[in-house]
Amino acid sequence: MKLSIIGAGYVGLVSGACFAEVGHDVACVDVDQNKVDRVNRGEAPIHEDGLEALLRRHVGTRLRATRDLAAAVRASEMTFIAVGTPFDGKRIDLGYVRQAARDVGAALRDLGRYHVVVVKSTVVPGTTDDVVRPLLEEASGGRAGVDFGVGMNPEFLTEGVAVRDFMEPDRIVIGGMDERTIAALARAYAPFRNVPTFGTNNKTAEMIKYTSNAVLATLISFSNEVGNLCARLGGVDVVEVMQGVHLARYFTTTLADGARVTAPITSFLDAGCGFGGSCLPKDVKALVAHGEAAGQPMPLLDTVIQINLKQPQRVIEMLERSFATLRGLKV
Ligand SMILES: NC(=O)c1ccc[n+]([C@@H]2O[C@H](COP(=O)([O-])OP(=O)(O)OC[C@H]3O[C@@H](n4cnc5c(N)ncnc54)[C@H](O)[C@@H]3O)[C@@H](O)[C@H]2O)c1
């Protein structure tokens with residue numbers, strides 16, 4: 001298929017390179033000329049294992065970068081929007097997504113054939129249907145469901161191992177406003193065989209992404225709360241506590257041949273410094289803010305964030321209780 005991807009950042013560029021690897025013809029669009037030039041030279045502007053090898057293999061044949069959004073969109077059958085969605089302290093900032101939707105919509109004007117627009121950015125539930133779709137209709141002069149389809153396809157990659165995560169996904173979530181959109185997205189992902197593919201509506205696809213991150217953040221804060229109590233009580237080691245917990249049959253299964261398999265989820269059930277990175281804190285805060293705005297506060301997730309904010313200081317306090325000085329200490 002011919003694909004265009006708006007935003008050549010972590011998600012957009014990795015997706016573009018991997019889609020090219022499985023045989024699609026991909027144009028990655030970015031406003032950043034430097035990024036575009038580097039990609040077209042086969043250089044990865046970000047460090048991701050295996051990304052540069054994919055660029056070198058496909059740039060010039062199935063993959064290219066460009067600033068010309070309109071030409072890229074019009075030459076493709078499907079456009080992914082993969083621009084940033086930062087959290088501004090109160091809510092998720094949809095400014096980049098709105099701009100991209102307007103630009104894509106304008107490019108679709110008078111195209112004369114069906115196109116599918118897919119939101120890949122992480123956006124709060126309702127954004128694809130209530131924000132992106134009307135902007136596309138307004139800018140294109142066309143009708144969603146007739147002239148173009150609107151879908152939502154969240155990305156679950158982890159920075160650092162993003163190429164592996166994309167090429168070997170645990171699941172593919174495909175949201176769509178109708179069956180035609182879902183079928184088109186399923187075609188784009190057809191080369192990823194034997195991967196559970198979950199078709200649903202756009203709002204549910206958006207919620208799956210937030211819920212996936214929120215549950216991991218919750219387990220981390222839970223483990224840290226337990227760890228903080230263990231440290232305060234003394235004589236009880238949270239590492240051993242969690243080892244004992246991991247042995248429960250819910251976490252460790254005995255296979256038919258007697259082998260014991262521990263679920264990867266247990267790595268989120270260990271005490272530590274808290275969660276960081278570019279996604280988990282931002283996404284949980286955005287979900288809590290969205291719940292508040294919708295009249296459905298989320299006190300559990302709010303506390304998950306509060307525990308996490310205090311955790312680095314808690315760790316320092318514990319170290320101060322155990323060592324005369326932290327100067328020069330390596331932990
Ligand atoms: N980074 C991750 O690990 C990760 C994982 C899953 C989901 N996500 C989500 O994916 C989305 C993108 O994240 P990212 O980390 O790739 O962001 P990023 O900041 O690395 O990349 C965004 C890119 O979009 C470009 N851009 C912005 N507006 C544009 C426009 N109108 N036209 C063309 N290009 C434009 C920017 O120049 C930038 O290169 C976010 O919603 C994020 O939450 C990120």
Side-chain angles (χ1 to χ4, degrees), residues 4-18 26-40 43-49 51 64-73 76 79-88 91-107 117-125 127-128 131-132 135-136 139 152-166 169-173 175 205-214 216-217 275-287 289-290:
S4 53
I5 301 181
I6 315 303
Y10 271 94
V11 168
L13 187 57
V14 168
S15 306
C18 292
V26 184
C28 288
V29 180
D30 208 288
V31 287
D32 182 341
Q33 183 68 52
N34 180 39
K35 228 175 234 186
V36 166
D37 291 342
R38 292 188 67 180
V39 172
N40 283 334
E43 288 171 26
I46 48 169
H47 177 73
E48 274 301 332
D49 274 355
L51 179 61
R64 70 195 171 88
T66 178
R67 283 184 63 192
D68 191 346
L69 181 147
V73 169
S76 63
T79 298
F80 289 87
I81 295 178
V83 296
T85 48
F87 184 75
D88 70 7
R91 65 184 72 81
I92 168 180
D93 175 359
L94 291 175
Y96 299 108
V97 171
R98 282 204 180 88
Q99 188 56 47
R102 277 188 216 103
D103 293 347
V104 171
V117 183
V118 181
V119 176
K120 207 174 210 346
S121 301
T122 302
V123 292
V124 287
T127 304
T128 302
V131 177
V132 173
L135 286 171
L136 289 168
M152 203 287 145
N153 168 225
E155 187 50 62
F156 299 100
L157 56 78
T158 311
E159 283 182 18
V161 289
V163 170
R164 185 209 65 190
D165 281 358
F166 198 96
D170 49 4
R171 66 199 132 155
I172 295 167
V173 174
E206 292 163 333
M207 191 67 187
I208 288 172
K209 170 68 189 177
Y210 279 100
T211 307
S212 299
N213 278 352
L216 300 181
F275 54 86
S278 66
C279 282
L280 236 50
K282 155 178 108 74
D283 290 352
V284 181
K285 284 180 200 160
L287 188 60
H290 195 56

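First listed ligand is number 1; within each ligand, the first listed atom is number 1.
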Requested in this report: Please test Lys282 against Thr85 for side-chain contact (heavy atoms from CB on, under 4.5 Å), starting from the C-alpha separation and ending with a verdict.
Outcome: CA-CA 9 Å; Lys282 155 178 108 74; Thr85 48; 3.1 Å; yes

In terms of its nearest heavy atom to atom 30 (C) of ligand 1, the top option of Thr66, Leu280, Val31 is Val31

For Gly12 and Cys28, the nearest pair of non-hydrogen atoms, with its separation, is O-SG, 4.1 Å

Inset, instruction - Could you go through the side-chain contact (heavy atoms from CB on, under 4.5 Å) check for Asp103 and Ile6 one step at a time? - result: CA-CA 10 Å; Asp103 293 347; Ile6 315 303; over 6 Å; no

Worked check of side-chain contact (heavy atoms from CB on, under 4.5 Å) between Val11 and Phe80:
CA-CA 10 Å; Val11 168; Phe80 289 87; over 6 Å; no

Ligand 1 to Gly7, heavy atom cutoff 4.0 Å, flagged ligand atoms 23 (C), 24 (O), 25 (C), 34 (N)

protein heavy-atom neighbour closest to atom 4 (C) of ligand 1 works out as Cys279 SG, 3.4 Å

The protein heavy atom nearest to atom 21 (O) of ligand 1 is Gly9 CA, 3.2 Å

> After noting the C-alpha distance and the side-chain angles of Thr128 and Glu206, does the key distance pass the side chain to side chain donor-acceptor pair (under 3.5 Å) rule?
Replying inline: CA-CA 8 Å; Thr128 302; Glu206 292 163 333; 2.5 Å; yes

Correct closest heavy-atom pair for His47 and Asp49 would be NE2-OD1, 3.5 Å

Nearest heavy atom to atom 37 (O) of ligand 1, choosing from Val119, Asp32, Asn34, Asp30, belongs to Asp30

(message) Quick check: Glu159 and ligand 1, any N/O pair under 3.5 Å apart?
(response) yes

If you scan protein heavy atoms around atom 9 (C) of ligand 1, the nearest is Thr122 OG1, 3.4 Å

In this structure, atom 15 (O) of ligand 1 is nearest to the protein heavy atom Tyr10 CB, 3.7 Å

What one should report as the nearest heavy-atom pair of His290 and Pro125 is NE2-O, 3.2 Å

Nearest heavy-atom contact between Val73 and Ser4 is CA-OG, 3.7 Å

I want to know if ligand 1 touches Val11 in the polar sense, i.e. an N/O pair below 3.5 angstrom.
yes

Ala72 and Ala27 have their tightest heavy-atom pair at CB-CB, 3.9 Å

- prompt: Judging by distance only, is a nitrogen or oxygen of Lys209 under 3.5 angstrom from one on ligand 1?
  reply: no

Counting from 1 in the order shown, the ligand 1 atoms closer than 4.0 Å to a non-hydrogen atom of Lys282 are 42 (C), 43 (O)

Between ligand 1 and Lys120, is the shortest N or O to N or O distance under 3.5 Å? no

Per-atom contact, atom 19 (O) of ligand 1, protein heavy atoms, under 4.0 angstrom: no

side-chain hydrogen bond (donor to acceptor under 3.5 Å, both in side chains) filter on Lys120, not counting sequence neighbours, yields Asn153, Glu155, Tyr189

Near Ile6 (heavy-atom distance under 4.0 Å), the atoms of ligand 1 are 32 (N), 33 (C)

At under 4.0 Å between heavy atoms, what of Leu157 touches ligand 1? The answer is both

Checking heavy-atom distances from atom 29 (C) of ligand 1 to each of Ile5, Ile92, Val83, Ile81, the winner is Val83

Among the heavy atoms of Arg67, does any lie under 4.0 Å from an atom of ligand 1?
-> no

For Lys35, the ligand 1 atoms with a heavy-atom partner under 4.0 Å come out as 38 (C), 39 (O)

If we number the atoms of ligand 1 from 1 as shown, the ones under 4.0 Å from a heavy atom of Thr85 are 40 (C), 41 (O), 43 (O)

among protein heavy atoms, the one nearest atom 6 (C) of ligand 1 is Glu155 O, 3.2 Å

Between Val163 and Glu48 the two heavy atoms that sit nearest each other are N-OE1, 4.3 Å

Open item on the list: With no hydrogens and no angle check, just 3.5 Å: does a side-chain donor-acceptor pair link Ser278 and Glu159?
Closed with: yes

Identify all side-chain donor-acceptor contacts of residues 91-98 below 3.5 Å with residues at least two apart in sequence or on another chain.
| residue | atom | partner | partner atom | Å |
| --- | --- | --- | --- | --- |
| Asp93 | OD1 | Gly95 | N | 2.8 |

Ligand 1 to Gly84, heavy atom cutoff 4.0 Å, flagged ligand atoms 22 (C)

Numbered in order shown, the ligand 1 atoms found under 4.0 Å of a heavy atom of Tyr96 are 27 (C), 28 (N)

